[in-house]
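Because the structure is a prediction, the values reported are computed rather than measured.
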Amino acid sequence: SNFNFVAHGIMVSKWGNLDHTDAVLAILPIFHGFGLGVCVNAAFMGGAKSILVPQFTPEDVAKLIRSKRPTFIIGVPTLYEALNKNEIFQNTNLSCLKAAFSGADGLPRVVKERFEEIVRRQKGSVKLLEGYGLTEAVTAIVATPLGEYCENSIGIPFSDMDAKIVKMDAFDEADPGEEGELCVRGPAVMLGYLDNPEETDKVLKKHPDGNMWLHTGDICTMDTDGFIYFKLRRKRMIKSSGMNVYPAQVEAELYKHPDVGMACVIGVPDVDQVERVKAFVVLKDQGKAGDAMKKDLIDHCQK
């Protein structure tokens, strides 16, 4: 609804303390909630400027950062990975940045560390912080507060949003540190799926507290300070020989291999194991591809 969209914009604007001195680099497509809600609508709510990027290339974005001097960069992990490899970005003064946020997928540690290393070298001081959102609540609704940092956390809910972790397929709250499904409520939560009441009822549920909560389908934990830790989307969980396998954990190990540029892990059907873990890898040097490298990567993961 319009109410969802306006409420979300106000929360994001307040979160970033946006004003007329700020500029948000709108790299994300604005036909999507993330790009339109955060990079455009929220910017205007605070009186800030939105710098549109019609089509993404690392070169164009690096040149815009150099010439337009944005205060906020908001993107996805692959965007930051591309910027890290770009020579123009590597040699641009980054002292203009107030914050950089990554969302929409897990942020590999190596991408975060490389970005922050470049920022420090180029006279900047920001860390690459993580956030979380979903289209059913416009977009970003959880983020790390500016000036704060909590290792591996996606942050805390925005000012008017509530969040809790419930036990799987239940309404009971999980204990601190216990894995469960993330549920959220507040003014950004959708009215429902258009013309699809059955699917709406599967995710919007009234809890014993009398409130309607959105079940996100994402597995998370929460610590005693209220910081949330994203594990994976429930649909991505691989069940192999009765064990829960987190693709992001396997991907994180693959990224530690010196020859791996990018990695994606999925589950594939297997007669004996129900599902088998399969990795797709882009090497830094494609000339090294072959059976020897395949064995080396499997050995690396088995360790």
> Just wondering, more than 12 heavy atoms not from K294 lying within 6.0 Å of its NZ?
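No.
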> Are E117 and R120 ion-paired here, with the side-chain N under 4.0 Å from a carboxylate O?
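Answer for the salt bridge query: no.
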> Check whether more than 12 heavy atoms from other residues, nucleotides or ligands sit under 6.0 Å from atom CG of D291, and answer yes or no.
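Open.
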> So does M11 get a backbone contact from the side chain of S159, meaning a donor-acceptor N/O pair under 3.5 Å?
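Answer holds: no.
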> If you draw a 6.0 Å radius around CD in E151, do more than 12 non-hydrogen atoms from other residues or ligands fall strictly inside?
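Yes.
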> L182 and H215: side-chain contact (heavy atoms from CB on, under 4.5 Å), yes or no, with the steps?
CA-CA 6 Å; L182 174 64; H215 285 244; over 6 Å; no
> Working to the nearest 0.5 Å, report the span between CD of E253 and CD of Q302.
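E253 CD to Q302 CD: 12.5 Å, rounded to 0.5 Å.
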> Y80: what forms a ring-ring contact (aromatic ring centres under 6.0 Å, His included) with it, not counting sequence neighbours?
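So Y80 forms a ring-ring contact (aromatic ring centres under 6.0 Å, His included) with F115.
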> Can a donor-acceptor pair be found, under 3.5 Å and without considering hydrogens, that links the side chain of N86 to the backbone of L83?
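Absent.
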> Between H8 and A140, is there a donor-acceptor pair closer than 3.5 Å when you use the side chain of the first and the backbone of the second?
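At least one qualifying donor-acceptor pair exists.
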> Salt bridge between D299 and K303, side-chain N to carboxylate O under 4.0 Å?
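Looking at K303 together with D299, the answer is no, because their closest N to O distance does not fall below 4.0 Å.
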> Looking at every heavy atom in both P145 and F227, which two are closest together, and how far apart are they?
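Heavy atoms only, the tightest pair is CD-CE2, 4.2 Å.
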> Return yes if some donor-acceptor pair links the side-chain N/O of E178 with the main-chain N/O of D175 below 3.5 Å, else return no.
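Side chain of E178 to backbone of D175, a donor-acceptor pair under 3.5 Å: yes, one is there.
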> Could you report the tightest heavy-atom contact between M293 and H257, atom names first, then the distance?
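For M293 versus H257, the nearest heavy atoms are SD-CE1, 4.2 Å.
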> Would you mind checking if E251 and R109 are paired as a salt bridge, meaning a charged N to carboxylate O distance below 4.0 Å?
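So R109 does not pair with E251 through a salt bridge.
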> Could you tell me whether a side-chain N or O of R66 sits under 3.5 Å from a main-chain N or O of N91, the two making a donor and an acceptor?
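Here the side-chain-to-backbone pair exists.
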> Quick one: does any side-chain atom of D172 pair with a main-chain N or O of K167 as donor and acceptor, under 3.5 Å?
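Pair absent, no side-chain N/O of D172 close to backbone of K167.
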> Between D162 and R185, does the salt bridge (Lys or Arg N to Asp or Glu O under 4.0 Å) criterion hold? Intermediate values first, please.
CA-CA 5 Å; D162 290 330; R185 63 176 292 270; 2.7 Å; yes
> Starting from the C-alpha separation in whole Å, work towards a yes-or-no answer on side-chain contact (heavy atoms from CB on, under 4.5 Å) for T221 and K231.
CA-CA 8 Å; T221 62; K231 301 302 179 182; 3.8 Å; yes
> Any chance you could measure M190, atom CE, to T200, atom OG1, to the nearest 0.5 Å?
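Here the interatomic distance stands at 5.0 Å.
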> Please report the interatomic distance CD(E148) to CG(D225), rounded to the nearest 0.5 Å.
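E148 atom CD to D225 atom CG measures 10.0 Å (nearest 0.5 Å).
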> Is it the case that K206 places NZ or CZ above or below the six-membered ring of W213, under 6.0 angstrom from the centre and within 45 degrees of the axis?
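The answer is no, since K206 fails at least one limit relative to W213.
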> Less than 4.0 Å between a side-chain N and a carboxylate O, is that true for E116 and K112?
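Yes, this pair counts.
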> Mind running side-chain hydrogen bond (donor to acceptor under 3.5 Å, both in side chains) on E136 and Y193 for me, showing each step along the way?
CA-CA 8 Å; E136 288 86 347; Y193 295 120; 2.6 Å; yes
> Within a 6.0 Å radius of atom CD on E87, are there more than 12 heavy atoms belonging to other residues, nucleotides or ligands?
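Counting other residues, nucleotides and ligands, CD of E87 stays at 12 neighbours or fewer.
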> Please output the side-chain donor-acceptor pairs of residues 259-277 that fall under 3.5 Å, not counting sequence neighbours, one pair per line with the distance.
residue, atom, partner, partner atom, Å
D259, OD1, K288, NZ, 2.9
D270, OD1, R276, NE, 3.2
D270, OD2, D272, N, 3.0
D270, OD2, Q273, N, 2.7
E275, OE1, K239, N, 2.9

> If we ignore hydrogens and angles and just use 3.5 Å, is the side chain of S240 paired with the main-chain N or O of M243 as donor and acceptor?
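A pair under 3.5 Å: no.
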> For residues V184 and I219: do they belong to one hydrophobic cluster (side chain heavy atoms under 4.5 Å, members Ile, Leu, Val, Met, Phe, Trp, Tyr)?
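As far as the 4.5 Å side-chain criterion goes, I219 and V184 are not connected within one cluster.
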> On a heavy-atom basis, which atom in S102 and which in V76 lie closest, and how many Å separate them?
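Shortest heavy-atom separation between S102 and V76 comes out as OG-C, 3.9 Å.
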> Is it true that atom CZ of F3 has more than 12 heavy atoms of other residues, nucleotides or ligands lying nearer than 6.0 Å?
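Open: at most 12 neighbouring heavy atoms sit under 6.0 Å from CZ of F3.
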> List the steps, then state whether side-chain contact (heavy atoms from CB on, under 4.5 Å) holds for V189 with N4.
CA-CA 7 Å; V189 172; N4 293 151; 5.7 Å; no
> Has the side chain of T135 got a donor or acceptor atom that lies under 3.5 Å from a matching backbone atom of V138?
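Looks like no, no N/O pair under 3.5 Å.
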> Without placing hydrogens or testing angles, list every side-chain donor-acceptor pair under 3.5 Å for residues 20-43, not counting sequence neighbours.
residue, atom, partner, partner atom, Å
T21, OG1, D19, OD1, 2.5
D22, OD1, T71, OG1, 3.1
D22, OD1, K98, NZ, 2.9
D22, OD2, D19, N, 3.0
H32, ND1, F34, N, 3.0
N41, ND2, F5, O, 3.2

> Could you check D218 against Y132 for side-chain contact (heavy atoms from CB on, under 4.5 Å), going step by step and ending with a plain yes or no?
CA-CA 10 Å; D218 292 321; Y132 166 89; 2.5 Å; yes
> Report yes or no: does E181 contribute a side-chain atom to a donor-acceptor pair with the main-chain N or O of G217 at less than 3.5 Å?
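It does hold such a pair.
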> Please confirm whether the backbone N or O of I88 pairs with a side-chain atom of T92, one donor and one acceptor, at under 3.5 Å?
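Present.
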